[in-house]
Amino acid sequence: MESAVFKYSDFFDDDGGLKKVKEDFEKLGEELIGEAKKIKKEVSANLNFDDVEAMTKTEAKVEDITKAFQEYGTAKKSIIKIEKEMEDALKSQAKVTDKNTTSVADNATAIEKLQIELEQYKVAVKVTNQLEKQGTVTIEEATIARGRAKEEMKRLSKEIAYQTKLEQAKILIEKNEVKTLQDVRDRMSALRLVVQSLDFEKEADKVKAYNDEINELTDVLSDNSDQFIQNKINIGNYEESIKKALDSSDLFKTNITVIDGALSKFSETLLITSKQAEEMEKALDNNSSALQKFQVSFGKMNGALKASVIGVVIVALAALASMFGSTRKGAVNMEKVTQTLSTTITTFGQVAKAVFVDGFKAWFYAMTFQFGKAKDSAKKAMSEVEKAFLNGADAIVKGLEYIDEAFKIEDQVRALNRELEKTNGVLTMMQAKADDATRSLQTQYFFSQQARKEQEKSFATQKQIAQLQLEAVNNRIRQNAIANNQEADFVRNAGTGLAFAEKVQQLAQQRGSDLAIDNALIEEQSNLMIEIQRIENETAVARYENSKQQRQINQDIFEQNLDLMIDVIDVQKNLSEAFVNDTTKNVKKRIQEFERFLEQFRQNAEDELKEFNILFAKQAKSLGENAPKFDITFDEAGNAKVFLDGVELSIDQTVGKIKELNKQLQNAGIAEIPINRFREFLVELQNGKRDFDALGVSVANLTTKFIEMKNNFAVTKLEDSNLKRISDRIREISQMNLEAMPRRQRLKLIKEMEALEKDKENILKDGDLQRKENRVQAITRELRAVRVQYVNGELVLQRVIQKGSEKEVELHQERANLQREIQEGITEDRVKAIEEENRRVEEAYQRFVENVRTVINLVLDKVLEMQQKLVDQQQEMVTKQGEMVTKQEERAREGLTNTLAFEQKALAQREADLIKSQKKQERLEKIKALWTSYSSYADKEEDPNQALFKALRDFAILESISASFGDGGVVEDRLPSNGIFRGQSHQGNQGGIPILVEGREGIFSAQEMENLGKDNFYKMKDMASMGKVDSNFFSSQRKKFVKASPGRSSSPELIHEMREVKRAIESKPVQNWEVSKIADGVMTLVETTITKNKTTRNHFKTQKPRL
Amino acid sequence: MIYTHGKHEIELFDSIHNLPILRFQRFNKYQMIACEVGNTLSDYDQRMSKALQFMQKGMKDEAIQELENCRQTVFNALNEFTPSGKSFAMLVKRIDGKVYDTFSPDDLDRCLIHLEQIGLGTADAIAKLREVKKKIETELVVYYPVFFPKNGNKEQTILRVKRMNVLLDQVIENREDPSDELFDVEKEILENDKPNIWNVWKTGNMERVLEVDFQKFAISVMKHTGQVLDNMTTFTFYASVDLLKEETKTSKKR
């Protein structure tokens, strides 16, 4: 949070720093807001009213962030303020720069105008002259016109000179390069000059800025002022300061000890009084131009002077002449003199003598400050020289012509130098503009072309200057050669210009030290030849550099275009991808957009390659070479093939292929940057291909997904419509007044509600299943989806989801799961339906069984009751019959007629009937018991057979027990759990008596006891109590038993019992009940009694009891 | 509980099971004075700061009261009256052999001098006091949450939360000027936290409320329960109050 406050100094002077600070600052603002959001979330999510401590901590956080935000606000205001100030400053600076640039251009235009005007006047003068010659105008008129024209020309020349100077000053200011004190001085004078040309009111800012700079530079100078000024200021002694100044200047240094010494002495002599010193200073100042000229001449003369003492004279003479001549003419004459003297000195000894004598005189007078005499001596010397000239041979005259010519040429050179300077000024501007990266590349290119033109012009001028200088030197050599009279023939036949120079240089080589031409001139000529060669070399290099610059710009334009195209296609790609992936858009349009953009991407790739081709064409044109050319084609699967000059390039991104590609590109002479950009292009292309493939897969799946969605939507619509119908009906029902309805109708509605609920469930379930089904179909479509691919040059249909891919397995898995779920859903429904049906049937069956049981119970009760009545009646009838028998016996005893036999027979019959009925009653009881047992088991057992089996088993046991003791037997074999036997009568229905047994006793049946007799029984008992009874006991009975009984079975007890039961059942009638008809509450039962030889059926009808 | 300080033993009432209710009441009073008046430069600054807050919200009367309390702070400072020290002395039962069974202001002063003599300065005493106070508070919160809830002023808490949200919204919505809403909520907070009167010569002063009114209340409780106030522990006292409350509720229902 501390960083919310900034030190302005951190960024105020930093170029670009403010932008960064602003960005950082905005980021900080976003961080603060983010932090605030985070805390707010914490406040709302974690705040516990009981946790006062935690809340206090959160409050402290809030206070901190609020404080930081306030500081941030303050700092933000400061930054905005600073930014505005900086913008203003930059605008102001830009304005000044623009003004400067404009100003320089204005100057150039103004100069051009002035030059044109000047030329017009020159032409006007020529025309006037012609008119004058032709007599069209009078001499007076022509003179006046010429005078005016010359006045104007003078003014214009002056103005041009001023404007040129001003332009140079402006260029100098713009260059803004200050390295040495001289630069400081130059800049100061340039600034002063420009300030003077400015409008103080309209350009006050500029004036102030320049004046400020002048002040700054003055300070710089004051700290680094030259020795002269320093001494002048510090010492206040002119003599010393001038001496020091002279010593520190190269002006009077000749490297000739004698002369240097003389000059030194001369300077000392000169500075005797301050007045004289001032005069000297003034003179020096006035003659600075002439002195400079002298210095130049002196330098050229240097070599010759060394050879002759006459040089001393000439130097003195020249110095004096220039000193007192004070004009350009004087300087020119002096040059002529020195040149002529240097070459003709041997021929014209008398001239030398005169010069020597008078020269020394002049020198002497000058040194003794007898300037008047010195001047006279000098004049005399000059006149002697002039005389010598006049008396000289033709050669001298001719030589002077050459010298004149040389001077004329040098005049031309000076004019060309000025022109050159101008051209160089424009050239510098053009180069500066061509190098100005803040301008557009096209503008830079334009200025580069302009710079080239100016450069050509500059070099042409330079060459012309050098050639002219060479010609001037040639002329001097010619003069020199004529003067020496030795090489005159050579001069006449050696041609001009460079050819002449070449021949001179050859001659010099041939002659060596015998050459009678000034060695300095030979040297100068050679240097100028080298200079011409240098200019030619530099011209070639500059041309190459310029074309290189243009190529560089073209390359930059190419890169810019390429970047723009890449950016545009990237943006469009993102937009297109967004559109294709935008689920809110129409699917068809999304697919169309994908195809459209694919086409555009390919077109863009072609366009990008065209940019390469344009670049290659331009570069090749510039270098004069053949341009390589790229081509690209796409197959139907979107694979690109790139050709270079018709040869396919290997664009696979494998190491070997990349090397091969590089070799192909290198062989085509493509530069490094285009190669790199081409590599980028390939990477982009392949990335695009990859992205399109991915997007293509997504689009391919889109149709599948869309169909699925549409199907799902249809399902949902159907669901909605059905559910709406159900909801509407439920609403209708719920709005009905159920209480007011009859019960029957109410029940019907309740049933309908239940059915609707069921429907609703089914609709939802069906919908769910249908959606799953849709998904299964979609997966199947997705798995089957194919697209066109090129494999090894062959067009093949390839699965979108490849076999063996993870996705394929996932989809298979999903489909299998869905199919299982669908199947389970269907099976579950079926099972439920079956269960429901079973339950319904079971319930109906249970109800029926209950009914049947009840009915049977009732029937049996009724049958038993009726049977009992029958037994009772028969009992009664037996009793009555017994009474009748008794009555008949009494009648018989009384001798009365009786029907005893009949009655006895009737009694026997009735007793038989009674027994029969009793037996029947007994069977019915058994049936009832069996039925009860079965009913009981039927409730418990699921398997009816099992229930029947158990009932029969129980029944069989009961039957066997009752039967066994009827037949006798061993107690332990029938031992009940409590040891109590409640047997029943073996002969009737009176029931037996309970006996208590240990379990190992044996019981004889009544019949056996009858057969055995009591006595035998007790005898046997006694015998048995006496010890083990032998096995032969009852041998005859045993034998009979063995014959009658089957072998002992190894079966379990139950089987044995069952056999017993079987026997019992076989020997007894079997009853069977069947419900033949149940209708409208009436049940018809049929009792079927089967004995071994007889089947009896009894039909009963009974009302079905109400449930 | 017996604490050792060097070679010395200090026995403190550090639990509501042994702290007599009258001591506890007086202990509370000194705690309140420490919080609302105090005697240090920091306390003075707090009073002034609070007074300024009241003034900024146009609550002139409250600002004046806070300034009155501020004067009281100065008075305390000049008279070396240390409410926190007194508060601690209220909990001292015995120092070595010397038992402090009475707690008049002079007794408390003597106790503090004794503590000074054994090298337990006010700063140490306050540190210890915090520890004991925390223990007692915890016990009260546990046993009698109705009388001593964890957060006694939920309304104030709600307002503080509201203020936090207003401040955060200001940052989130990038607003530089504070909103009226902030002014209102801060005023509401201050209205909920008005200063008490601690000048014993003014009506409604807290000194009287805490001493006299509490005594009345305690006597009333004793009357109903038949217990002796002097020996009653804080635990028993509040249990009695709780019981009375329940009985009152039951009788009302009937």
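Here is how names work: the chains are called A, B, and so on, in the same order as the sequence lines, proteins then strands, and each is numbered from 1. Keep in mind that what you see is a predicted model, and the values were worked out from it rather than measured.
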Distance, nearest 0.5 Å, that separates [atom1] of [X] from [atom2] of [Y]:
| X | Y | atom1 | atom2 | result |
| --- | --- | --- | --- | --- |
| Arg160(B) | Thr58(A) | CZ | OG1 | 9.5 Å |
| Asn165(B) | Ile39(A) | CG | CD1 | 11.0 Å |
| Leu167(B) | Lys67(A) | CG | NZ | 14.0 Å |
| Thr66(A) | Leu168(B) | OG1 | CG | 6.5 Å |
| Arg163(B) | Glu59(A) | CZ | CD | 6.5 Å |
| Met55(A) | Thr157(B) | CE | OG1 | 5.0 Å |

Notebook entry, point to check: Which pair of non-hydrogen atoms, one from Ile33(A) and one from Val171(B), has the smallest distance, and what is that distance?
Noted result: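 That would be CG1-O, 3.3 Å.
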
Would one find more than 12 heavy atoms of other residues, nucleotides or ligands at under 6.0 Å from atom [atom1] of [X]?
| X | atom1 | value |
| --- | --- | --- |
| Gln156(B) | CD | yes |
| Arg175(B) | CZ | yes |
| Lys57(B) | NZ | yes |
| Glu173(B) | CD | yes |
| Asp567(A) | CG | yes |
| Phe713(A) | CZ | no |

Q: For Tyr44(B), enumerate each residue passing the ring-ring contact (aromatic ring centres under 6.0 Å, His included) test, keeping only those at least two apart in sequence or located in another chain.
A: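 Residues passing ring-ring contact (aromatic ring centres under 6.0 Å, His included) with Tyr44(B): none at all.
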
Against chain A, label Asp169(B) side chain, backbone, both or neither, depending on which of its atoms sit under 4.5 Å from a heavy atom there.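 Only the side chain of Asp169(B) comes within 4.5 Å of chain A.
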
Practice problem: Check whether Lys61(A) gets within reach of chain B through its side chain, its backbone, both or neither, counting any heavy atom under 4.5 Å. | Solution: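 Neither the backbone nor the side chain of Lys61(A) comes within 4.5 Å of chain B.
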
